[in-house]
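Note sheet for the following structure.
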Number of protein chains: 2
Amino acid sequence: MPTDITCRNCPLRTAPPFAGQEGRTLAFVEAFRKDQRRYDAGQTIILEGASESPLMTVFSGWAFRYRTLSDGRRQILNFLLPGDFVGLQQELDAAATHGVDALTGLVACVFDRRRLWTLYEDFPRLAYDLTWLCAHEELIVDENLVSVGQRRASERIAMLLIHLYKRGSALGLCESGVLNLPLGQQHIADALGLSLVHTNKTLRRLRLAGLIELDGGRLRIGELGQLQRLADYYGLPERPRPLI
Amino acid sequence: MPTDITCRNCPLRTAPPFAGQEGRTLAFVEAFRKDQRRYDAGQTIILEGASESPLMTVFSGWAFRYRTLSDGRRQILNFLLPGDFVGLQQELDAAATHGVDALTGLVACVFDRRRLWTLYEDFPRLAYDLTWLCAHEELIVDENLVSVGQRRASERIAMLLIHLYKRGSALGLCESGVLNLPLGQQHIADALGLSLVHTNKTLRRLRLAGLIELDGGRLRIGELGQLQRLADYYGLPERPRPLI
DNA sequence: CGTACTATTGAATCGGGTCAACGTCTGTGG
DNA sequence: CCACAGACGTTGACCCGATTCAATAGTACG
C-alpha cells in the first residue's frame, strides 16, 4: 500500500461516498481531505465527550464507536471499517456523545470541516452520498439493537460474526475463507450486552458445534447457512449505487 | 388545528429540517410536499419489508419504528413524534427493513420522492438539514442501544420515560407537568428488550417509589433528579441550529 | 353480556451475571 | 536465563434478574 495516498488512487473509490467521481468533484474531494492521520491499536481517536472532533473516514484498519456509563459499563455501538465515516453524528451535533477507539493500526483521512458547507452547496451528489452513508450506519445500529434487545446470546454472537464477516469480505479482507478479526472477547461482549464470561462460554459452544472457527483473531465461518438460521439472519441491503 | 395545512402556516416551522425558511425555499417545500395522509391509531404506516415506501414526516401524532424476527419477537427501534421523518433510511435504501405503526391518530406530510434530487441540487440548506436529521435519529437509536445493552430494567424504563417526556415537552405536548403517553406496556417492553410481565412489575416499583406517575396513558415525572440519577442520564444534545 | 384487549400479580424456572481460580502467552528487567 | 507482571482466554460454582406460565381483574365495545 503506497505511503502517499491521494484520492485519485484511493482504493476505496469503488465505494460510497466517493464512488465514480471524477474531474471537478475529485479535485474538490482532494482539497476537502486536508490531512491523513495514523493511530496505533488501542488508541483513542475521538474522546468521549470531547467538545469538538475532526471529521474523517477510515482509510485502513478497524475501530469501534462506544458510549460509557458513569460506573464503567460500556456499550459498543458499531464497528468501523475502511470507508466508514468516523462520527458523522458528532460532526453535525455539538459535542461527541460517544468515543471512538482504534482496534488495529489505523489510517484515517481528515476532512476540512470548513469546506463541508461548500460540499453541500456545490456537490449535491456528495451531499446525497453523505446522507446515504449516515442512513446506512443507522441501519447497522438498528440491526445491533434488534440483536441486543431480542436475541439470545448464541444468536447475538452468530449475528455479529456473520455481519462482520460479510463486511470484511466485501472489502476484500478475507483470505481463503478466513477473516482477521481484531476483536477481543471483551469487545464482543460489550457490543452485544453480554458478560465476558458468558461470551466465552457461548463462543465455545459455537465452536464445538462446528459453526465457527475463531482462534487468535482468525475467523472462519464453518456453516454459514446453519449460522444464519440460528441468528434469524436477514442481511442488510448491500450498498446500492445511490441516486442517479 | 386547521384542516388544510400549508407549509406556510405549519406549526413545525420552528423545528428542523424546515426551520426559518422563506421565499423560494418555502415555495419549493410546498411543492415538494405533495400530499397529506391520515392514519388511525394502530394502523401500519410502512409495512415491514415493503419494497418501496413513501417519504414523509409526522405532522401530528405518535408512531414507532420496529423490526420483527421470524418467530414474532419485536424490537421497537425508536418512537416518532411530530417533525420526525418517517424512515429516512428506507427511502435512501432499497427496501424497508423495518415497519412503522401509528400509536395515535396521525397526520403525515408526504413528499414527492422524484423531487428529492432537486432538493439536493438547488437547496443545499435543506439537504444539510436532512443529513442532520438523519444523524440525530441515529443518536436516539444509539441511546436506546446503550440502555438495552447495559442498563437494568428500572434504569431502562427511567431512561425511556425521561427521554419521551423531554421530547414531548419540547413539542409543547405537556400540560401542567403531564404528558399524554400513548404507549401500552407492551410497547415499553418491546422498546427496552424486556418481557411484558417484568415491565409491569418494574413500573409498579417506580410508581411506589414516587418517581413517576403513569396511569391511563398520563405520565407525570415525580422526581426528575432522582430518576435521572437512577438512569445515569445525560441528555441528547438539544436540536441546535444547524450550519450557517 | 360475551369477546377481546390491557393491566396486574404470584410462582416456578432459567439464561446469563458474578465471583473466583487457573492457564497461556508475551514482554520486561534483574 | 529465569522471575515476574500484565493481558487475555478458559472453566467451575453459585446466585439473581428477568422470563415464562398461569390466573385474575378491569374496561371498552358491539
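All values below come from the heavy atoms of this structure, side chains included, with hydrogens, waters and symmetry mates left out. Throughout, protein chains are lettered first and strands after them, A, B, ... in sequence-line order, and every chain is numbered starting at 1.
- Computed from coordinates, the H198(A) NE2 to dG15(C) C1' distance equals 6 Å when rounded to whole Å.
- Contacts of G217(B) with the nucleic acid, taken as non-hydrogen atoms under 4.0 Å apart, are absent.
- The minimum heavy-atom distance linking R65(B) with V100(B) is given by the pair CG-CG2, 3.9 Å.
- Between H98(A) and V146(B) the shortest side-chain heavy-atom distance does not fall below 4.5 Å.
- Put simply, the residue from L106(B), L173(B), L80(B), D101(B) that forms a side-chain contact (heavy atoms from CB on, under 4.5 Å) with W62(B) is L173(B).
- With rounding to whole Å, L194(A) atom CG is found 14 Å from dA18(D) atom P.
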Response to the item:
Reading nucleotides 6-13 of chain D from 5' to 3' and marking B where a protein heavy atom lies under 4.0 Å of the base, S where only the sugar-phosphate is that close, and - otherwise, the string is ---SBBBB
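- Residues L160(A) and S147(A) have side chains not in contact (no heavy-atom distance under 4.5 Å, counting atoms from C-beta outward).
- Residue-level contact check: G216(A) touches neither bases nor backbone, having no heavy atom under 4.0 Å from any strand.
- The nearest whole Å value for the distance from the CZ atom in R151(B) to the P atom in dA18(D) is 14 Å.
- The interatomic distance linking R156(B) (CZ) with dG17(D) (P) rounds to 13 Å, in whole Å.
- Side chain of E138(B) to main chain of E137(A): no donor-acceptor pair is present (N/O by atom type, distance under 3.5 Å, no hydrogens or angles).
- Using a 4.5 Å cut-off on side-chain heavy atoms (C-beta onward), R167(B) and I140(B) make contact.
- When side chains are defined from C-beta on, E213(B) does not count as touching R218(B), because their heavy atoms never get closer than 4.5 Å.
- Of the residues in residues 72-81 of chain A, none has a non-hydrogen atom less than 4.0 angstrom from any atom of DNA chain C.
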Tabulate below the donor-acceptor pairs under 3.5 Å that side-chain atoms of residues 177-199 of chain B make, not counting sequence neighbours, or state none.
| from | atom 1 | to | atom 2 | distance (Å) |
| --- | --- | --- | --- | --- |
| Q185(B) | OE1 | N200(B) | ND2 | 2.9 |
| Q186(B) | NE2 | D190(B) | OD1 | 3.1 |
| H187(B) | ND1 | G184(B) | N | 3.0 |
| D190(B) | OD2 | R74(B) | NE | 2.8 |
| D190(B) | OD2 | R74(B) | NH2 | 2.9 |
| S195(B) | OG | H198(B) | N | 3.1 |
| T199(B) | OG1 | S195(B) | O | 2.8 |

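- Contacts classified as salt bridge (Lys or Arg N to Asp or Glu O under 4.0 Å) and involving residues 144-157 of chain B (residues at least two apart or in different chains) are given here: R73(A)-E155(B), E143(B)-R151(B).
- Between N78(A) and D142(B) the shortest side-chain heavy-atom distance does not fall below 4.5 Å.
- Defining each end axis of the helix from dC1(C)-dG30(D) to dG30(C)-dC1(D) as the rotation carrying four pairs' C1' atoms onto the next four, with five pairs an end, the two axes are found to diverge by 30° to 10 degrees.
- Every residue two or more places apart in sequence or in another chain was checked for a salt bridge (Lys or Arg N to Asp or Glu O under 4.0 Å) with D40(A), and none qualifies.
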